[in-house]
Amino acid sequence: MLSLENVSTGYGRVRVVHDISLHVPEGSLFAVMGNNGAGKTTLLRAVLGLRPAKKGKILFQGEDITKAKTFQRVRRGLAYVPQGQQAFGQLSTRENLQLIADQYGSAGHKRVNEALDLFPALKDLLGRRAGLLSGGQRQQLAIARALISGPKMIVLDEPTEGIQPSVVHEIEQAIAALVSSGLSVLMVEQHVGFALGIASDYLVMASGRAVSEGQGGAAAAESVRAAMAL
Amino acid sequence: MDAAIAQLIAGVSLGSILLLAALGLSLTFGQMGVINNAHGEFMMAGAYTSYCVAQVIPDPTWALWISLPVGFLVGGLLGLVLEVALIQRMRLRPLDTLLATFGVALVLQQLAKDIFGPQPVYAQAPGWLSGPVEILGQSVPATRVFIFFLAIFAVAALYAVLRLTPLGRQIRAAMQNRDLAEASGISTRGVDHVTFFLGSGIAGLAGVAATLMDAISFNLGTGKIVDAFLVVVAGGVGQLKGAIIAAFGLGLLQAGIEYSTSTSLAKVLVFLAVVVFLQVRPQGLVALRTRSLA
């Protein structure tokens, strides 16, 4: 579904991510782990085209998208749930959802209802400005927005960061449900137990480089924690 | 009592002129954050469009009705060319944009001087706008009433576009968070073009309206641009509601001060009032409350 071949990226002349290669097979979840400042978010931004890849190649469904603009990648089937529960704060919850649905006609508006079924708490908040939602509600909105584009793959950046434990569980369940429904997911996550529980494959980053990789599952937890402690 | 009503009417009339001048700017400066010093010259272009249309169409009523959309188009197209050729290449460099658009303003003024000459020209107002209208016992020039309704129409149309259409949602989204908008499948560059076209088009429309009150000259925009910025900043950058309140508030304030002093002194005092107001409330009249920065 998605392949990165020796991708390097950064900000200006500063290179933050060095020679990362990974492959996300169709219908699976790939977890990228690492401590703060390891370059995980920057890597995801390169996948989305929000940072240009200075080196290497990004292939999505066999096509080279390295030079494609972000909105073109999204229209090809990549959806992004950024870090920090981002939403358009001045738009209402409904407008946040409509904004995506508008681009997909009646199919988009049908998917709004499906997304609201997945996160029923949002149904009562449709008229409220997204800037006034709690962190957990905004994260649910962010995932709902991603689903409305009918994506083939979702890129999730720390979906459980800074969210109260009861809501974390709901979000975990939603992600697990998405993967079991056949959606591919590339996820950055620091919560090792959660990530390995649903990931088919993982990669650990430190100082912008890959330091460990392997298959998911609880058994990998020790080696991941060891790699993160490096 | 009569004097108070007269001041109220004068203030509302002045406010609607300010609003029309500032409305386009509230989009390009307020929403996009572009300090476009050539905004006044787009008004000038709208005004000269009115003059040109009047040369082709002798009936002043038809000329006015045709000038309004054509003035909008001329202003909008000039804005689009400026955005594509210059401003989009200077994103995140506001000082460069400020200087470059100042240069463009000078070029456009000189161009107008070369084409139409340094002397002012006039577009004849239709007969039905020449007399006064009786409002609350006061006699008000019909042109001012027309401009009031034009301003209300422009605000309503812009509000409807921003609030009720997919395009409006895209404009508001792209102006709030570009990365998130791109990641939502929106071409933010495309949205920039449309937003700048709309904002500059409204400037063109305001220019057509200005011909009903003033002579058309190459420096028509210079006098209006400062007022327009004043309204947008005092209203709260990015807030359409704030611009509306600020335009009428400043209009009423100026009319009130003018009554007991003079026009120039009123202008100075309004400026001072805005400076003091912004010291106390730097975010302007209307500021948005959110739980996060997003």
Side-chain angles (χ1 to χ4, degrees), chain A residues 41 44-45 47-51 68-92 94-105 108-109 128-135 137-139 141-142 145-146 148-151 154-155 157 162, chain B residues 26-27 30-33 88-89 91-93 158-195 235-243 283-294:
Chain A
T41 294
L44 290 198
R45 288 174 67 79
V47 169
L48 261 299
L50 293 168
R51 293 305 318 157
K69 292 195 164 67
T70 300
F71 76 93
Q72 292 167 332
R73 298 182 199 207
V74 172
R75 287 180 188 175
R76 285 186 190 196
L78 265 178
Y80 181 42
V81 180
Q83 195 177 22
Q85 306 103 37
Q86 289 186 41
F88 297 105
Q90 296 182 35
L91 271 63
S92 68
R94 182 184 282 110
E95 287 177 318
N96 265 277
L97 299 172
Q98 276 178 331
L99 183 72
I100 318 284
D102 289 338
Q103 301 166 48
Y104 300 92
H109 289 281
R128 188 173 296 183
R129 258 198 289 123
L132 298 174
L133 301 182
S134 72
Q137 290 162 342
R138 272 208 309 274
Q139 186 64 302
L141 175 60
R145 282 161 36 82
I148 291 168
S149 62
I154 293 196
V155 178
D157 195 353
Chain B
S26 79
L27 208 56
Q31 297 280 333
M32 292 177 73
Q88 74 165 4
R89 294 164 208 279
R91 263 190 56 72
L92 307 177
R93 285 153 55 198
L158 182 59
Y159 186 84
V161 167
L162 287 178
R163 289 279 156 178
L164 306 176
T165 66
L167 172 69
R169 282 193 280 277
Q170 291 192 0
I171 290 176
R172 286 156 60 215
M175 300 322 148
Q176 271 178 61
N177 186 333
R178 287 181 79 81
D179 280 358
L180 192 59
E182 278 275 334
S184 303
I186 296 167
S187 163
T188 50
R189 263 197 182 183
V191 170
D192 282 350
H193 299 337
V194 178
T195 311
V237 173
Q239 301 300 316
L240 191 57
K241 194 170 39 174
Q283 70 273 38
L285 276 172
V286 178
L288 206 73
R289 282 183 295 273
T290 59
R291 286 170 70 155
S292 71
L293 290 173

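Sequence lines set the chain letters: A, B, ... in the order given, protein chains first and strands last, and positions in each chain run from 1.
Rounding to the nearest 0.5 Å places OG1 of B/T165 at 8.5 Å from CG of A/D102. Atoms CD and CG, on B/E182 and A/L48 in that order, are 10.0 Å from each other to the nearest 0.5 Å. Rounding to the nearest 0.5 angstrom, the gap separating the CD atom in B/Q176 from the CD atom in A/Q86 is 11.5 Å. Separation of atoms OG (B/S187) and NZ (A/K69) is listed at 7.5 Å; rounding is to 0.5 Å. Of the inter-residue distances, the one linking A/F71 atom CZ with B/T188 atom OG1 reads 8.0 Å to the nearest 0.5 angstrom. Summarising the geometry, atom CD belonging to B/Q170 is positioned 6.5 Å from atom CG belonging to A/L99; distances are rounded to the nearest 0.5 Å.
Contact annotation: the side chain of B/D179 approaches that of A/R45 to within less than 4.5 Å [non-hydrogen atoms, C-beta and beyond].
Open room surrounds CZ on B/R189; 12 or fewer heavy atoms of other groups in view lie less than 6.0 Å from it.
The heavy-atom pair separating A/I100 from B/S184 by the smallest distance is CD1-CB, 3.4 Å. B/A173 and A/F88 get closest at one heavy-atom pair: O-CE2, 3.3 Å. When all heavy atoms of A/P82 and B/L180 are compared, the closest pair comes out as CG-CD1, 3.6 Å.
For A/Q103, the part sitting under 4.5 Å from any heavy atom of chain B is the side chain, from C-beta outward, and nothing else. For A/L91, the parts lying near chain B are the backbone and the side chain together; criterion is any non-hydrogen pair under 4.5 Å. Proximity to chain B (any heavy atom under 4.5 Å) is shown, for A/R73, by neither the backbone nor the side chain.
A donor and an acceptor atom, one from each side chain of B/R172 and A/Q90, are nowhere located under 3.5 Å apart.
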